[in-house]
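A short worksheet on the structure shown next.
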Amino acid sequence: MLTVNFTTYSQTIRAFAVVGLLASSLLPSQPLFAQDKNTDLDPVTITASLNPVQTSRTGRNVFVIKGDRFAQLPVHSVDELLRYLPGVEMQMRGPAGSQGDIVMRGGTFQQVLVLLDGMRLNDPNTGHFSGYIPIAPAEIDRIEILKGASSATYGSEAVGGVIHIITRTYAARKDSPETLAVQANGALGAYGFASLNAGTFLKKGNNIFSAGILSNHSDGQLQRGTRGFFHNNTVSLSASRFLSEKWKLSARAAFDQRDFGAQNFYTSFVSDTAKEKLSGTWAQMQVQRTGRRDRLTVDLGYKNMLDRFTYNSGSIPNSSRSELIQVLVRDEIRLREHTALTAGVQLINKKIASNDRGHHNLLQAGAFVVLNQQVGEKFSVNPALRVEWNESSKWELIPQVNLSYREGDFQFRASAGRTIRDADFTERYNNYNKSLVTGGRIGNPALNPESSFSYEAGADYFLNNHLKLSGTFFQRFHEQLIDWVNTPYANMPRKENLSPTGNYALAKNISKVNTRGVEGDIQFNQKTGDQQQIWASAGFTWIESAGTEATPSLYISSHARILTNLNLQYGYRNLTLSTAAIYKYRTAQEAKAIGARMEPGYFVLNGKLQYAIWKQQLGIFVQVDNIFDQSYQDLLGSVMPGRWVMGGISFRR
């Protein structure tokens with residue numbers, strides 16, 4: 001039976017949705033089911049080599065999804081959308097943007113770099129915050145997923161891959177057509193669920209404006225004596241102006257707030273009834289000058305995040321404020337018709353002020369050069385070299401080379417390169433400032449930076465611009481990998497605030513970890529006349545990791561050995577059916593104290609049925625998450641919701 005609790009949140013969201021729908025009736029028309037004008041499966045990417053180039057010429061496995069898909073698929077937040085994309089493993093702790101760790105190619109969640117219009121989002125406090133994307137989905141132009149090693153271009157964290165979110169404001173060109181678009185989706189459902197996803201985009205003359213809101217709320221399903229509630233809000237605003245034929249100025253500001261139940265997010269203790277609240281601000285600015293043979297770009301970024309974590313009602317909350325300041329200057333130079341060079345410098349300053357981890361500041365810098373060289377009509381080579389400096393780990397030299405060869409409908413590619421990652425503040429200082437710690441994770445200031453060498457080889461097959469099949473083999477040889485390892489009190493390097501009877505997981509450098517795997521991707525897009533369209537993407541990944549530690553580490557033992565992601569969307573006349581599914585197989589785990597068991601495999605299917613009731617613009621929909629009511633956990637103790645039913649209204653003009 002569907003029950004709805006009309007809380008203050010849901011009433012506010014409903015009011016916003018109604019106002020947005022009424023106001024948008026004056027705007028030009030845009031179909032409810034976005035009709036792709038370009039079904040090309042070989043789009044231009046800027047993520048693989050910083051220079052705009054077709055994905056087939058990068059030598060890399062790159063998956064691109066358009067932002068319009070968000071409103072059509074059965075997902076509620078950007079991290080949920082990523083969960084169903086080929087090759088991305090989201091280790092979810094909670095729904096609708098509460099928390100999820102991003103894993104690619106069997107690494108840890110700190111080994112994926114997340115970018116927003118070229119600026120890194122990874123928080124200096126912890127990689128657990130990488131899934132908090134401070135952008136409303138309505139502002140997204142596309143998401144580019146670059147799989148595999150990318151440290152030579154982007155530096156630290158770009159080990160398993162890069163997720164680059166590119167917004168409509170920053171992507172717009174001077175010759176782009178004038179546009180005014182509004183979209184709004186509002187939903188209500190069981191467990192007091194209320195959601196609003198709305199936004200607008202305007203390009204008029206030399207001016208561009210975009211704004212959006214994403215708001216998800218629920219009382220939550222019942223857990224171990226608590227409820228998995230969430231109140232998550234993101235508001236974003238951006239603008240660009242073409243000052244002349246050569247100059248473009250862009251800026252963005254965003255506010256992100258999340259308040260949710262966090263029981264057993266980080267521990268498997270009976271006493272854990274945690275809640276967590278985060279609030280963050282994001283600001284960035286870009287100045288771009290386009291000349292006859294080059295394009296110079298200067299990016300500035302600032303991130304401020306306050307995390308307040310309360311373990312239980314009797315504990316003192318952990319309060320941590322992190323800051324990230326970054327400057328990136330790069331110049332894309334067209335040397336000849338088939339030769340392009342991108343060179344740049346980057347400066348990053350990381351800070352934290354915490355009653356748990358102390359006060360710390362870290363400075364790092366990098367300089368890089370990337371070459372795009374096309375040889376004849378079929379062959380491309382893209383070498384890259386980066387010099388990275390970190391005041392903790394000093395100097396690093398990071399090379400990489402990517403190769404691509406096209407023969408008919410087949411594209412052959414290969415890549416090899418080095419990657420690095422330095423420890424975050426949680427890995428170095430977790431639980432260092434407390435007077436007594438009786439259990440849990442303990443930081444280690446003596447951690448060395450991670451280093452690895454990766455290589456991959458693969459091929460793509462294109463059929464009639466409607467079907468793309470991709471296959472890739474990859475292997476990564478890791479040294480000094482950082483992970484949490486169960487360690488007895490007697491072996492702890494620092495014992496000042498620890499109990500001799502405590503159970504601890506110490507952040508350690510694992511001597512060696514070798515990871516290998518195979519991934520396959522399918523993309524399909526077919527439109528028949530004006531009445532029927534099918535879009536689908538699917539991914540399969542098999543991964544095997546082996547380390548030298550006798551005691552298994554936490555996150556290496558948690559990544560999926562087999563991962564399958566699927567999206568399918570079918571539109572016929574006024575009816576649209578969308579599904580998103582995931583199958584995961586990994587090592588089983590159990591925590592008897594809290595009655596938690598992580599089964600080795602699970603399958604989750606979401607579905608959304610939408611019907612356009614007016615001019616292909618106004619629609620109603622019903623959505624069911626976890627249709628088969630699967631009981632599952634991605635991380636031991638973090639119970640994910642069962643079947644969840646909701647319905648709503650959607651408007652696009």
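Throughout, residue positions are numbered sequentially from 1 according to the sequence presented.
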Open item on the list: What's the separation between atom OG in S415 and atom CZ in R60, rounded to the nearest 0.5 Å?
Closed with: 4.0 Å
Task: N197 side, atom CG; L214 side, atom CG - distance, nearest 0.5 Å - done: 5.5 Å
Taking the inter-plane angle between the rings of [X] and [Y] on a 0 to 90° scale, is it parallel (under 30°), tilted (30 to 60°) or perpendicular (over 60°)?
X    : Y    : value
H128 : Y266 : tilted
W644 : Y191 : perpendicular
F410 : Y461 : tilted
H231 : F229 : tilted

Carboxylate-amine/guanidinium proximity below 4.0 Å for [X] and [Y]:
X    : Y    : value
E456 : K147 : no
D123 : K303 : yes
K275 : D259 : no
R142 : E144 : yes
D634 : K584 : yes
E139 : R168 : no

TODO: Give me the one residue out of N567, N565, N606 that meets side chain to side chain donor-acceptor pair (under 3.5 Å) with Y84.
DONE: N606
Task: Name of the residue among E450, Q111, R120 meeting side-chain contact (heavy atoms from CB on, under 4.5 Å) with E157 - done: R120
Task: cation_pi(K608, F621) dist<6.0 Å, angle<=45 - done: yes
Open item on the list: Within 45 degrees of the ring normal and closer than 6.0 Å to the centroid, is that where the cationic atom of R105 sits relative to F474?
Closed with: yes
Task: Taking every non-hydrogen atom, the tightest pair across V78 and I133 - done: CG1-CG1, 3.9 Å
